[in-house]
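Count residues from 1 along the sequence. Note that ligands are numbered from 1 as they come in the structure, with each ligand's atoms numbered from 1 the same way.
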Amino acid sequence: MTRPLDAVFARLPASAFRMRFRLGAREQAYLRDKGMDTVLSHARDFVAQRLAPAQPANDGRQTPFRGHPVFIAQHATATCCRGCLAKWHDIPAGKAMTLEEQQHAVAAIERWLRGQSTD
Ligand SMILES: [Zn+2]
């Protein structure tokens, strides 16, 4: 069973590494300009292409640290690679992610993005 998002978000503050991620000025501007719906459609694509396969390309290094708000959100929510998804979200590595698991990852990204100020 995928770990409920409330449980994941309750644990994230214990990680200094996860907590240090913030949207930079560029990513904030991108989110403001494109809007949440568009950014979340990118999130769905990134998850489907970079995470969902049983053996993703460059797993562990497939998520850049800047350049798109979703990338930052992925590091902040431990949805950056299959190792982190297994450890933090109870989504097993080594097999293709189900659609539900993909939606869970996108929901984590959305929740984090909505919690970020874009002022
Ligand atoms: Zn990771």
Practice problem: Report, as yes or no, whether the 6.0 Å neighbourhood of atom CZ on Arg26 holds more than 12 heavy atoms from other residues, nucleotides or ligands. | Solution: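 Open.
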Quiz prompt | Same cluster (ILVMFWY, side-chain, under 4.5 Å), Val47 and Leu99 | solution =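 Hydrophobic grouping puts Val47 apart from Leu99.
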Quiz item: Does some side-chain heavy atom of Tyr30 sit less than 4.5 Å from a side-chain heavy atom of Val70?
Solution: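 No. Closest side-chain heavy atoms not under 4.5 Å.
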Exercise. For residues 69-87, pull every pair meeting side-chain hydrogen bond (donor to acceptor under 3.5 Å, both in side chains), keeping only residues two or more places apart or in separate chains.
Key: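 side-chain hydrogen bond (donor to acceptor under 3.5 Å, both in side chains) check on residues 69-87 returns Thr77-Thr79.
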Exercise. Could you please tell me which protein N, O or S atoms lie under 2.8 Å from the Zn ion (ligand 1)?
Key: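 As for protein N, O or S atoms lying under 2.8 Å from the Zn ion (ligand 1), they are Cys80 SG, Cys81 SG, Cys84 SG.
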Exercise. Using salt bridge (charged side-chain N to carboxylate O under 4.0 Å, His left out) as the criterion, list what pairs up with Arg44, not counting sequence neighbours.
Key: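 For Arg44 there are no salt bridge (charged side-chain N to carboxylate O under 4.0 Å, His left out) partners, ignoring immediate neighbours.
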Self-check item: Residues forming a salt bridge (charged side-chain N to carboxylate O under 4.0 Å, His left out) with Arg111, sequence neighbours excluded
Solution: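 Expected list: Asp6.
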